[in-house]
Amino acid sequence: MKTDFTFGVDYYPEHWPRERWETDAAMMHELGIQVVRMGEFSWHKMEPVDGEYHFEWLDEALEVLKKQGIKGILGTPSAAPPKWLVDKYPEILPVDDHGQRYHFGGRHHDCQSNPIYRGYIRRFVTAMAEHFKDNDNVVGWQIDNEFGNAHAGLCMCESCAARFREWLEAKYEKVEALNEAWGTYFWSQEYDTFGQVDPPYVTTVGRNPSHMLDWKRFCSDLIVDFQAMQADIIRKICPNHFITHNFMGFSWKVNYFDLAKKLDFITHDQYTMLSTDEWPADDKILQTPDFAAATLELMRGTKKAPFWIMEQQSSITGWTHMAPAPRPGQIRLWTAKSVAYGADTIVYFRWRSCLGGTEQYWHGILPHSGIPSRAYREIEGTISDLAPVMEKIRGAMPKNRAAMLFSYDQEYAMQIQPHHPDLDYVGNVVSIYKGFFSHHTGMDFISDETDYKDYKILAAPLQYLMTGERLCKMEEFVKTGGILLLNMRAGVKDENNIAMSHRRLPGDLADLAGLEVPEYDCLRGFTVPIKWQDGEAGTARKWCDIPELQGAEAIAAYDGEFYAGSAAIAKNRYGKGWVYYLATEPDDATMARLAGEILAEAGIVDDFAALPTGVEVAFRGDYAFLMNHDAAEKHLDLPKGWEAILGETEAIAGYGVVVLEKKEA
Ligand code: GLA
Ligand code: ZN
């Protein structure tokens, strides 16, 4: 299974005249491209008529690439079923929460549970795998494309509804248990049979939060199952090929920890500037360095292993609106950042900007004209600079002592009831991550299934849905010397999204935290001042838990409202460890100070404290990547014992990258 590539591109040979292919392949070779992904949307080209397969063009493209020493990854095209299939079986088109069917003409217009559709997928994937199994220029497969990157909601067709009922029956066995778990006594929502339960369609008013939570879990499981169906076929027919899928960072429709299990490695699509039809606010187009870092930490965390970037931004992004042109150096910088957080291979999206279709303005390495310009030249330099570094660090992982507990269940529950219009799970996670990031500390993103004992610090934001099992793990972790950071809305509900009532908030976490939360406040249109013990000021935003301390010590308190003097941040000794309770979502400076105190408590020293602002550092094994996100050059004052293997140790250029190797002290 060959996977030791450094650079690749996403290529659509079928979009271009046959005469151009040799030129493309030769140019790729010259650029340093070793691998190409193809075919993930080309179902109609491969099966133009029901049951009639045409893989010759892909054979030919693979042959042309082979002459330049370039290998191929094939995508299964289930993200774009052809019109003939949709016309023959309109029921494979997905349905929204009004029961309305979507139309053909975009992508991901497929229902992943529909048995007829699944039959077609099985037949197609089998034929494709059989055809390419002995092609020595194929190294691996990408299943589908960006699962969950579809219409706003999840398919609520009759087939999905039926499968949801089966899923519920397997989970609850008796309908009484479902009624209990969902609190259906409210508004007379009791079900008499599983057959009566629908997906959470739009109602006259309100929806049951427990129903919605199970629906989101079900949809994630459905996608995992849909991937498994394809992976099992390919695995059997092509045992020497790798199987992967391209993830989308903090996208949520499928639980990536689950999706990663069947894959040899995961890949991620990294667009540091994002602009599609859902036009984000101008200040949201560019991912902040901390947000992008957290994204990549999660991607590495889904398999706790190095990964690939299957689509790395290569130029201007945009569908109907466009993002600004990446400044000279930024494409190189963002590429290096992917590597810094764990990518062993970088595949750029896309080789050449397409002439037709929705993504005409999602630019490639080559512009429409096909004539190399600035993006091409920057990538040429990036490859020659980074490929040798990547060869050296392949496989290396960071040695993080801090972890972030990341949970799709908490994400779903907070989507269903965000509390405050600006409060969201990922935003809250990233706000905490940012505190540690400001001290140059990386964090492993881990799931509920992971053991905490490899870590000294565990941040567990929004432990809104709580389980006894997690509580035991946390108790054990802290008792034996771990430092746990909890925050507001901890222990509010059980795993079914039903409020807990057996004791005051934060429920059974109260003993760990050394406090109770009899009251809280949602900060609609106002903030609340915070004061640290030494008088330093901060700000509470969005939400305030109002704790009553029972053993914990306040390290910062609210300085306003009727709860002035109550703890905003508390610290409690538990066994050999500590529990911090952050009762609000504070401003960045407050979070940075708290993270600094936690790191000090853990004895973790920031060797790179003297880095200028705007310069990020990330570690892989004995290597450190310094990345300057500002346009201006910065002077560096580095700790002893590091040598530069890319760039220099005295200064870092605007948008520049320096890679350091740790030498024996
Ligand atoms: C995603 C997809 C690609 C393409 C790009 C640009 O990442 O995987 O097929 O659509 O976005 O929009
Ligand atoms: Zn469906």
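What you see below is based on every heavy atom in this structure, not just the backbone, and it leaves out hydrogens, waters and symmetry mates. Ligands are counted one by one from 1 in listed order, and the atoms in each one are counted from 1 as well.
- Which parts of ligand 1 touch Asp269 is read off a 4.0 Å heavy-atom cut-off, strictly below it: atoms 7 (O), 8 (O).
- Using a 4.5 Å heavy-atom cutoff, the side chains of Leu58 and Phe132 are in contact.
- Pro81 places none of its side-chain heavy atoms less than 4.5 Å from the side chain of Tyr120.
- With sequence neighbours left out, the ring-ring contact (aromatic ring centres under 6.0 Å, His included) criterion links His629 to no other residue.
- The closest approach between any non-hydrogen atom of Glu40 and ligand 1 is not below 4.0 Å.
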Verdict with reasoning, Asp4 to Arg394, per salt bridge (Lys or Arg N to Asp or Glu O under 4.0 Å)
CA-CA 8 Å; Asp4 57 346; Arg394 178 173 300 286; 5.6 Å; no

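- Ligand-side atoms of ligand 1 in range of Phe41: 9 (O), range being under 4.0 angstrom from any heavy atom.
- Shown are the protein N/O/S atoms under 2.8 Å from the Zn ion (ligand 2), given by residue and atom: Cys111 SG, Cys155 SG, Cys157 SG, Cys160 SG.
- Looking at ligand 1, you'll find an N or O of Trp319 within less than 3.5 Å of one of its N or O atoms.
- Here's the thing with Glu359: one of its N/O atoms is less than 3.5 angstrom from an N/O atom of ligand 1.
- Any N or O atom pair closer than 3.5 Å counts here, and Asn145 shares at least one such pair with ligand 1.
- The N/O atoms of Arg37, backbone and side chain alike, include none that comes under 3.5 Å of an N/O atom in ligand 1.
- Heavy atoms only, all atoms of each residue included: Pro324 and Met273 are closest at O-SD, 3.3 Å.
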